[in-house]
Amino acid sequence: MRIPKPLHSWNVTPKKAVSLQRRLADRIIQDPLARRPQYVAGGDIALTPDGKRLVAAWIIWDLNRRTQLEAVHVVSELSFPYVPGLLSFREAPAMINAARKLNTEPDLFMLDGHGLAHPRRLGLASHVGLFLDRPTLGCAKSRLCGSHREPGPKRGANVRLLDDGEIVGRVVRSRVGVKPIYVSVGHRITLDEAARIALACTQGYRIPEPTRLAHHYVTALRSSV
DNA sequence: GCGACAG
DNA sequence: ATCTTGTCGC
């Protein structure tokens, strides 16, 4: 897959990272997808046992056939600490490099983290979306900002995630009896589409298949690479 | 000053 | 994210 030239350097201080987020946030586009997605890329990372490197990977999920088509990965040195709100500066560089290895062009990229549901509206999914200039959505396992009511108990029940008076995401019950997932716009997609597709991608587990399979993939790789 | 805080 | 023992439920 061919990707655009980098929008900025990743070699920044946390202070500079915050200013970059403020500058990039207004570039996020919330437009409908060009077509109904078939190939959904799911991305995730895992740390090596020594905690010094990270494995970043993408798998491609065929939403029509319900099968995995491709899996690619890269290994890189950790160069940024985990700071709540600055996750993309730790994980995005490797995720973006791994995307170059994809042979199939995905219709959509799903990331393990938030998109617009971020204090400065530029979570991991949005940041990666801008760098790839592709549709992305964020699917996180827990809340970073905002507040919401408890969604109903049925699969598919969902409520809005509100932060500072803005609708920044949707809290979706992906399965009966489990904690809901947090879906938000990454880039070039609408919130309705993001929530609908994230749910359509779940196959009997709390986590949607693209992200779930990517997690399995990196977890298997971390010990042998 | 005191919590909250994606992965 | 990672580590980690027991425990609950199908």
Side-chain angles (χ1 to χ4, degrees), chain A residues 10 14-15 17-18 20-21 24-25 28 42-59 73-96 98 109-131 136-148 153 155 161-164 166 168-172 174-187 191 194-195 198 204-208 210-225:
Chain A
W10 292 104
K15 194 104 173 175
V18 169
L20 276 172
Q21 291 179 325
L24 294 175
I28 297 302
D44 194 17
I45 69 101
L47 303 185
T48 52
D50 61 22
K52 293 179 177 174
R53 293 177 298 163
L54 76 78
V55 182
W58 291 104
I59 69 93
H73 77 278
V74 298
V75 180
S76 62
E77 299 294 314
L78 269 181
S79 56
F80 201 90
Y82 171 67
V83 180
L86 299 182
L87 181 65
S88 60
F89 289 86
R90 180 175 171 86
E91 301 189 354
M95 294 304 308
I96 292 162
F109 291 77
M110 180 183 292
L111 289 105
D112 189 16
H114 293 103
L116 288 184
H118 176 280
R120 292 170 291 282
R121 309 293 182 259
L122 199 86
L124 175 66
S126 295
H127 209 157
V128 169
L130 283 180
F131 264 67
T136 62
L137 73 81
C139 182
K141 299 181 291 300
S142 62
R143 187 189 65 89
L144 172 61
C145 70
S147 60
H148 63 89
R155 165 182 154 83
L161 175 62
L162 225 70
D163 183 51
D164 200 33
E166 294 179 73
V168 296
R170 195 105 84 201
V171 186
V172 182
S174 54
R175 235 203 104 150
V176 174
V178 301
K179 194 164 116 60
I181 56 177
Y182 294 76
V183 182
S184 60
V185 167
H187 185 44
L191 180 55
Y205 294 92
R206 176 166 88 115
I207 307 301
T211 297
R212 198 179 74 82
L213 293 171
H215 185 260
H216 280 176
Y217 186 56
V218 294
T219 300
L221 283 173
R222 65 181 289 252
S223 303
S224 57
V225 76

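Residue numbers start from 1 in every chain, and the chains themselves are labelled A, B, ... in the order their sequence lines are given, proteins ahead of strands.
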Ranking C/dA1, B/dA6, B/dC5 by distance to the side chain of A/D112, first place goes to C/dA1
Could you tell me if the ring centre of A/W10 sits under 6.0 Å from that of A/F80?
no
Taking only the side-chain heavy atoms of A/L87 (C-beta and beyond), determine which of C/dA1, B/dA6, B/dC5 contains the nearest atom.
B/dA6
Taking atom C1' of B/dA6 as reference, at what distance in whole Å does atom CZ of A/F80 sit?
14 Å
note: A/Y182, atom OH; B/dC5, atom P; distance rounded to Å ~ 9 Å
Any A/R222 side-chain N or O less than 4.0 Å from OP1/OP2 of C/dC3:
yes
A/L124 CG to B/dG7 C1', straight-line distance once rounded to whole Å:
9 Å
Please tell me if A/H215 has a side-chain N or O lying less than 4.0 Å from either OP1 or OP2 of C/dA1.
yes
In whole angstrom, give the distance that lies between atom CG of A/L221 and atom P of C/dA1.
15 Å
So does A/K141 get a side-chain nitrogen or oxygen closer than 4.0 Å to the phosphate oxygens (OP1/OP2) of B/dG7?
yes
Can A/D112 and A/K141 be counted as an ion pair, charged N to O under 4.0 angstrom?
yes
Would you check if the distance from the ring center of A/F109 to the ring center of A/W58 is below 6.0 Å?
yes
Looking only at heavy atoms, what is the nearest atom pair of A/L54 and A/A94, with distance?
CD1-CB, 3.7 Å
Stacking check A/Y82 vs C/dA1 (5.5 Å / 30 deg):
no
